[in-house]
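Only one structure is covered here, and it is reproduced in the block below.
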Amino acid sequence: MSELALIRLDLPGNIKYLNVPGSCIAAMLEREDEIEERDVVIYQVQLAVHELCVNIIEHAYAETGGRIEIILSICADPHQLLIETCDSGLPFDPSLVPDPDPLSERGRGLYIKRHFTNEVTYHARGGSGWRSNGQQVWYRIAEPHPQPGYNYWRLRKHL
Amino acid sequence: MEITTTEHTLRIVVVQPHGRVDAFSAPKLQERFEQLQAEGVALFVCDLSEVPFIDSAGMALLVALLKQTREQGGDVKLVWPVQETARRVITLTRFDRVFAMAESAAAALKLF
(Lines give C-alpha, C1' and ligand atoms only; values in the text may rest on other atoms or scores of the structure.)
Protein backbone atom coordinates (compact mmCIF):
# COMPACT_ATOMS: atom_id res chain seq x y z
CA MET A 1 0.00 0.00 0.00
CA SER A 2 1.87 3.09 -1.22
CA GLU A 3 1.00 6.36 0.46
CA LEU A 4 0.31 9.24 -1.90
CA ALA A 5 -0.58 12.09 0.41
CA LEU A 6 -0.59 12.85 4.10
CA ILE A 7 -1.88 15.93 5.91
CA ARG A 8 -1.53 16.44 9.63
CA LEU A 9 -3.78 18.73 11.71
CA ASP A 10 -3.43 19.58 15.38
CA LEU A 11 -6.63 21.21 16.63
CA PRO A 12 -7.86 22.61 19.93
CA GLY A 13 -10.61 20.36 21.30
CA ASN A 14 -13.23 23.07 20.86
CA ILE A 15 -16.35 22.96 18.69
CA LYS A 16 -15.38 26.39 17.33
CA TYR A 17 -12.79 24.69 15.11
CA LEU A 18 -14.97 21.83 13.84
CA ASN A 19 -15.21 23.38 10.37
CA VAL A 20 -11.44 23.09 9.86
CA PRO A 21 -11.15 19.31 9.23
CA GLY A 22 -14.16 19.42 6.88
CA SER A 23 -12.58 22.14 4.72
CA CYS A 24 -9.34 20.20 4.61
CA ILE A 25 -11.10 16.96 3.62
CA ALA A 26 -12.97 18.72 0.80
CA ALA A 27 -9.81 20.38 -0.48
CA MET A 28 -7.93 17.08 -0.38
CA LEU A 29 -10.59 15.05 -2.19
CA GLU A 30 -11.57 17.68 -4.76
CA ARG A 31 -8.32 17.12 -6.66
CA GLU A 32 -8.19 13.35 -6.25
CA ASP A 33 -8.77 11.38 -9.46
CA GLU A 34 -11.36 8.67 -9.93
CA ILE A 35 -13.83 9.21 -7.10
CA GLU A 36 -17.35 8.15 -7.94
CA GLU A 37 -20.07 10.33 -6.42
CA ARG A 38 -17.37 12.73 -5.22
CA ASP A 39 -19.78 15.13 -3.47
CA VAL A 40 -21.40 12.27 -1.56
CA VAL A 41 -18.04 10.83 -0.50
CA ILE A 42 -16.78 14.24 0.65
CA TYR A 43 -19.96 14.89 2.62
CA GLN A 44 -19.94 11.47 4.27
CA VAL A 45 -16.31 11.74 5.31
CA GLN A 46 -16.79 15.32 6.53
CA LEU A 47 -19.75 14.28 8.67
CA ALA A 48 -18.04 11.14 10.02
CA VAL A 49 -14.93 13.13 11.03
CA HIS A 50 -17.09 15.92 12.42
CA GLU A 51 -18.98 13.42 14.60
CA LEU A 52 -15.71 11.85 15.69
CA CYS A 53 -14.35 15.24 16.82
CA VAL A 54 -17.62 16.10 18.60
CA ASN A 55 -17.41 12.76 20.45
CA ILE A 56 -13.85 13.54 21.54
CA ILE A 57 -14.69 17.11 22.64
CA GLU A 58 -17.95 16.30 24.45
CA HIS A 59 -17.15 12.88 25.91
CA ALA A 60 -13.41 12.14 25.95
CA TYR A 61 -12.52 15.67 27.04
CA ALA A 62 -15.93 16.26 28.65
CA GLU A 63 -15.74 19.83 27.28
CA THR A 64 -12.68 20.62 29.44
CA GLY A 65 -10.43 21.06 26.38
CA GLY A 66 -7.40 19.23 25.03
CA ARG A 67 -5.79 18.65 21.66
CA ILE A 68 -7.00 16.53 18.76
CA GLU A 69 -4.38 15.34 16.31
CA ILE A 70 -5.80 14.34 12.92
CA ILE A 71 -3.86 12.62 10.14
CA LEU A 72 -5.50 12.36 6.70
CA SER A 73 -3.80 10.07 4.21
CA ILE A 74 -4.76 8.82 0.79
CA CYS A 75 -3.55 5.40 -0.24
CA ALA A 76 -3.47 3.97 -3.75
CA ASP A 77 -4.06 0.26 -3.46
CA PRO A 78 -6.85 0.01 -2.59
CA HIS A 79 -7.76 3.64 -3.27
CA GLN A 80 -8.91 4.90 0.10
CA LEU A 81 -8.79 7.74 2.59
CA LEU A 82 -7.59 6.98 6.10
CA ILE A 83 -8.41 9.36 8.93
CA GLU A 84 -6.53 8.79 12.18
CA THR A 85 -7.01 10.79 15.37
CA CYS A 86 -5.28 10.83 18.74
CA ASP A 87 -6.59 12.40 21.92
CA SER A 88 -5.66 12.17 25.58
CA GLY A 89 -9.21 12.24 26.96
CA LEU A 90 -11.22 9.63 28.82
CA PRO A 91 -11.43 6.22 27.09
CA PHE A 92 -14.70 4.32 26.62
CA ASP A 93 -16.10 1.04 25.31
CA PRO A 94 -17.96 1.67 22.01
CA SER A 95 -19.58 -1.77 22.10
CA LEU A 96 -21.67 -0.59 25.08
CA VAL A 97 -23.26 2.22 23.06
CA PRO A 98 -26.52 0.97 21.51
CA ASP A 99 -27.69 2.02 18.06
CA PRO A 100 -29.93 5.03 18.49
CA ASP A 101 -33.68 4.80 18.47
CA PRO A 102 -35.06 7.41 16.04
CA LEU A 103 -36.53 9.27 19.01
CA SER A 104 -33.39 9.19 21.14
CA GLU A 105 -31.47 12.40 21.60
CA ARG A 106 -28.01 10.84 21.82
CA GLY A 107 -25.96 8.07 20.20
CA ARG A 108 -26.20 9.15 16.56
CA GLY A 109 -22.55 10.18 16.29
CA LEU A 110 -21.13 6.65 16.49
CA TYR A 111 -23.90 5.34 14.25
CA ILE A 112 -23.17 7.94 11.54
CA LYS A 113 -19.41 7.24 11.72
CA ARG A 114 -20.01 3.52 11.19
CA HIS A 115 -22.48 3.91 8.34
CA PHE A 116 -20.68 6.62 6.38
CA THR A 117 -17.28 4.87 6.37
CA ASN A 118 -16.15 1.36 5.45
CA GLU A 119 -14.35 0.60 8.70
CA VAL A 120 -13.94 2.22 12.11
CA THR A 121 -11.21 1.18 14.55
CA TYR A 122 -10.87 2.45 18.11
CA HIS A 123 -8.09 1.77 20.60
CA ALA A 124 -8.81 3.03 24.09
CA ARG A 125 -5.97 4.77 25.90
CA GLY A 126 -3.97 2.12 27.73
CA GLY A 127 -6.47 -0.58 26.87
CA SER A 128 -8.49 -2.56 24.38
CA GLY A 129 -9.26 -2.16 20.70
CA TRP A 130 -12.56 -2.50 18.80
CA ARG A 131 -13.53 -2.49 15.15
CA SER A 132 -16.71 -2.10 13.16
CA ASN A 133 -16.92 -2.79 9.43
CA GLY A 134 -19.62 -0.63 7.92
CA GLN A 135 -22.93 -1.58 9.46
CA GLN A 136 -21.59 -4.39 11.68
CA VAL A 137 -21.61 -4.01 15.43
CA TRP A 138 -18.34 -3.56 17.30
CA TYR A 139 -16.02 -6.50 17.91
CA ARG A 140 -12.80 -6.71 19.91
CA ILE A 141 -9.43 -6.80 18.11
CA ALA A 142 -6.10 -7.97 19.45
CA GLU A 143 -3.87 -5.72 17.31
CA PRO A 144 -1.18 -3.68 19.07
CA HIS A 145 -2.17 -0.13 20.03
CA PRO A 146 -0.78 2.23 17.32
CA GLN A 147 -0.43 5.14 19.77
CA PRO A 148 -0.13 3.85 23.34
CA GLY A 149 -0.93 6.57 25.83
CA TYR A 150 -3.67 8.06 23.62
CA ASN A 151 -7.15 7.19 22.47
CA TYR A 152 -6.71 6.32 18.82
CA TRP A 153 -9.39 6.30 16.09
CA ARG A 154 -9.00 5.25 12.47
CA LEU A 155 -11.73 5.67 9.87
CA ARG A 156 -11.31 3.99 6.48
CA LYS A 157 -13.27 5.23 3.45
CA HIS A 158 -12.97 3.61 0.02
CA LEU A 159 -12.63 6.13 -2.80
CA MET B 1 -82.86 29.46 15.09
CA GLU B 2 -79.63 30.58 16.61
CA ILE B 3 -76.39 30.10 14.77
CA THR B 4 -73.17 30.18 16.67
CA THR B 5 -70.00 30.69 14.71
CA THR B 6 -66.61 30.39 16.27
CA GLU B 7 -63.32 30.87 14.54
CA HIS B 8 -60.14 29.13 15.53
CA THR B 9 -56.77 30.23 14.31
CA LEU B 10 -53.77 27.97 14.71
CA ARG B 11 -50.49 29.75 15.20
CA ILE B 12 -47.84 27.85 13.29
CA VAL B 13 -44.35 29.27 13.11
CA VAL B 14 -41.94 28.43 10.30
CA VAL B 15 -38.31 28.52 11.42
CA GLN B 16 -35.77 28.39 8.63
CA PRO B 17 -32.08 28.12 9.46
CA HIS B 18 -29.72 29.08 6.64
CA GLY B 19 -26.44 27.20 6.69
CA ARG B 20 -24.99 24.42 8.81
CA VAL B 21 -26.94 23.08 11.79
CA ASP B 22 -24.25 21.50 13.92
CA ALA B 23 -22.78 21.38 17.42
CA PHE B 24 -21.48 24.93 16.99
CA SER B 25 -24.61 26.57 15.59
CA ALA B 26 -27.32 24.43 17.24
CA PRO B 27 -27.42 26.44 20.50
CA LYS B 28 -28.43 29.57 18.53
CA LEU B 29 -31.27 27.69 16.84
CA GLN B 30 -32.30 26.14 20.15
CA GLU B 31 -32.44 29.60 21.72
CA ARG B 32 -34.81 30.77 18.96
CA PHE B 33 -37.12 27.80 19.52
CA GLU B 34 -37.08 28.40 23.27
CA GLN B 35 -38.06 32.05 22.75
CA LEU B 36 -41.00 30.99 20.60
CA GLN B 37 -42.04 28.25 23.04
CA ALA B 38 -41.97 30.82 25.83
CA GLU B 39 -44.43 32.86 23.73
CA GLY B 40 -46.73 29.82 23.69
CA VAL B 41 -45.92 28.48 20.23
CA ALA B 42 -46.26 24.69 20.04
CA LEU B 43 -46.73 24.16 16.29
CA PHE B 44 -43.56 24.47 14.24
CA VAL B 45 -42.32 23.92 10.74
CA CYS B 46 -38.54 23.67 10.68
CA ASP B 47 -37.55 24.38 7.09
CA LEU B 48 -34.24 22.61 6.42
CA SER B 49 -34.26 23.37 2.69
CA GLU B 50 -31.26 25.66 2.97
CA VAL B 51 -29.32 23.48 5.40
CA PRO B 52 -26.43 21.83 3.58
CA PHE B 53 -25.07 20.04 6.66
CA ILE B 54 -26.80 18.70 9.77
CA ASP B 55 -25.06 16.68 12.48
CA SER B 56 -26.17 14.62 15.46
CA ALA B 57 -26.34 17.73 17.67
CA GLY B 58 -28.74 19.37 15.23
CA MET B 59 -30.85 16.22 15.08
CA ALA B 60 -30.87 15.94 18.89
CA LEU B 61 -32.18 19.50 19.09
CA LEU B 62 -35.07 18.70 16.73
CA VAL B 63 -35.98 15.46 18.55
CA ALA B 64 -36.00 17.30 21.88
CA LEU B 65 -38.23 20.00 20.36
CA LEU B 66 -40.60 17.37 18.98
CA LYS B 67 -40.95 15.69 22.39
CA GLN B 68 -41.52 19.00 24.19
CA THR B 69 -44.11 20.27 21.74
CA ARG B 70 -46.03 16.97 21.67
CA GLU B 71 -46.25 17.07 25.47
CA GLN B 72 -47.99 20.44 25.02
CA GLY B 73 -50.30 19.12 22.33
CA GLY B 74 -48.17 20.57 19.56
CA ASP B 75 -46.05 19.13 16.77
CA VAL B 76 -43.07 19.76 14.50
CA LYS B 77 -43.00 19.17 10.75
CA LEU B 78 -39.79 19.29 8.72
CA VAL B 79 -38.98 20.46 5.22
CA TRP B 80 -36.44 18.27 3.43
CA PRO B 81 -33.00 19.73 2.76
CA VAL B 82 -32.51 20.50 -0.93
CA GLN B 83 -29.05 18.93 -0.98
CA GLU B 84 -29.17 15.21 -1.62
CA THR B 85 -26.24 14.55 0.73
CA ALA B 86 -28.07 16.14 3.66
CA ARG B 87 -31.24 14.20 2.75
CA ARG B 88 -29.30 10.95 3.06
CA VAL B 89 -28.45 11.73 6.69
CA ILE B 90 -32.13 12.26 7.42
CA THR B 91 -33.04 8.88 5.94
CA LEU B 92 -30.03 7.06 7.44
CA THR B 93 -31.02 8.13 10.93
CA ARG B 94 -34.70 7.35 10.17
CA PHE B 95 -35.66 10.93 10.96
CA ASP B 96 -38.19 10.77 8.16
CA ARG B 97 -40.08 8.11 10.16
CA VAL B 98 -40.25 10.28 13.27
CA PHE B 99 -41.15 13.58 11.65
CA ALA B 100 -43.72 14.33 8.99
CA MET B 101 -41.61 15.58 6.08
CA ALA B 102 -42.57 17.92 3.23
CA GLU B 103 -40.87 19.30 0.15
CA SER B 104 -41.67 22.94 0.98
CA ALA B 105 -42.81 25.09 3.89
CA ALA B 106 -46.18 25.58 2.17
CA ALA B 107 -46.63 21.82 1.91
CA ALA B 108 -45.55 21.36 5.53
CA LEU B 109 -48.20 23.82 6.73
CA LYS B 110 -50.85 21.67 5.10
CA LEU B 111 -49.75 18.70 7.24
CA PHE B 112 -51.27 20.28 10.39
Side-chain angles (χ1 to χ4, degrees), chain A residues 11-23 25-26 29 35-63 68 97-117 134-135 157, chain B residues 17-31 33-34 37 46 48-71 74-78 80-101:
Chain A
L11 300 176
N14 185 317
I15 56 170
K16 184 177 172 183
Y17 302 100
L18 283 177
N19 56 344
V20 175
S23 301
I25 288 162
L29 295 182
I35 301 179
E36 285 182 29
E37 289 196 288
R38 186 183 305 271
D39 290 346
V40 174
V41 169
I42 289 173
Y43 185 90
Q44 290 181 341
V45 175
Q46 284 177 323
L47 186 54
V49 173
H50 174 93
E51 294 292 352
L52 171 53
C53 292
V54 170
N55 272 167
I56 292 170
I57 293 165
E58 292 188 348
H59 300 295
Y61 286 135
E63 302 192 26
I68 306 174
V97 181
D99 277 351
D101 177 87
L103 269 173
S104 64
E105 291 174 38
R106 305 204 70 85
R108 285 189 183 81
L110 267 180
Y111 182 79
I112 287 171
K113 279 201 286 287
R114 279 176 36 217
H115 282 74
F116 278 179
T117 60
Q135 298 180 13
K157 180 69 172 176
Chain B
H18 300 262
R20 293 165 66 103
V21 177
D22 62 11
F24 183 68
S25 63
K28 189 176 173 186
L29 182 58
Q30 183 171 1
E31 191 180 335
F33 280 122
E34 284 172 353
Q37 286 177 290
C46 186
L48 301 175
S49 60
E50 295 202 13
V51 172
F53 185 98
I54 182 165
D55 73 351
S56 58
M59 287 186 262
L61 180 163
L62 293 174
V63 166
L65 177 71
L66 181 71
K67 289 178 180 173
Q68 290 163 12
T69 53
R70 283 189 177 168
E71 280 173 10
D75 204 359
V76 182
K77 317 291 187 189
L78 299 184
W80 283 101
V82 170
Q83 278 202 14
E84 177 58 29
T85 44
R87 292 170 83 107
R88 289 194 190 194
V89 181
I90 301 282
T91 50
L92 172 73
T93 53
R94 293 176 289 169
F95 238 46
D96 52 338
R97 297 188 198 175
V98 174
F99 290 89
M101 307 289 301

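Source: prediction; values computed, not measured.
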Most chain B-contacting option - heavy-atom pairs closer than 4.5 Å, from A:Ile112, A:Asn14, A:Val54: A:Ile112
Contacting region of B:Leu66 [heavy-atom separation from chain A under 4.5 Å]: side chain
More than 12 heavy atoms from other groups under 6.0 Å of CD on A:Glu37: no
Side-chain touch A:Leu47/B:Val89, heavy atoms, less than 4.5 angstrom: yes
Exam field: side chain A:Glu51 to backbone B:Ser56, donor-acceptor pair closer than 3.5 Å: yes
A:Glu105 and B:Leu62: CA distance, side-chain angles, deciding distance, side chain to side chain contact (heavy atoms under 4.5 Å, CB included) verdict: CA-CA 9 Å; A:Glu105 291 174 38; B:Leu62 293 174; over 6 Å; no
Segment of A:Val40 engaging chain B (4.5 angstrom heavy-atom cut-off): both
Worked verdict on A:His50 versus B:Phe53 for side chain to side chain contact (heavy atoms under 4.5 Å, CB included): CA-CA 11 Å; A:His50 174 93; B:Phe53 185 98; 3.9 Å; yes
Exam field: side chain B:Lys67 to backbone A:Ser104, donor-acceptor pair closer than 3.5 Å: no
Sub-4.5 Å side-chain heavy-atom contact between B:Asp55 and A:Gln46: no
Taking every non-hydrogen atom, the tightest pair across B:Leu92 and A:Phe116: CD2-CE2, 3.5 Å
Heavy-atom closest pair, residues A:Pro102 and B:Val63: O-CG2, 3.9 Å
Leading residue by heavy atom contact count with chain B [cutoff under 4.5 Å; candidates A:Arg106, A:Glu58, A:Lys16]: A:Lys16
Exercise: identify the closest heavy-atom pair between B:Phe24 and A:Ile15: CA-CD1, 3.8 Å
Side chain, backbone, both or neither of B:Arg97 within contact of chain A (heavy atoms, under 4.5 Å): neither
Heavy-atom closest contact (A:Asp39 atom, B:Thr85 atom, distance): O-CG2, 3.8 Å
Derivation and outcome, side chain to side chain contact (heavy atoms under 4.5 Å, CB included), residues A:His115 and B:Arg88: CA-CA 11 Å; A:His115 282 74; B:Arg88 289 194 190 194; over 6 Å; no
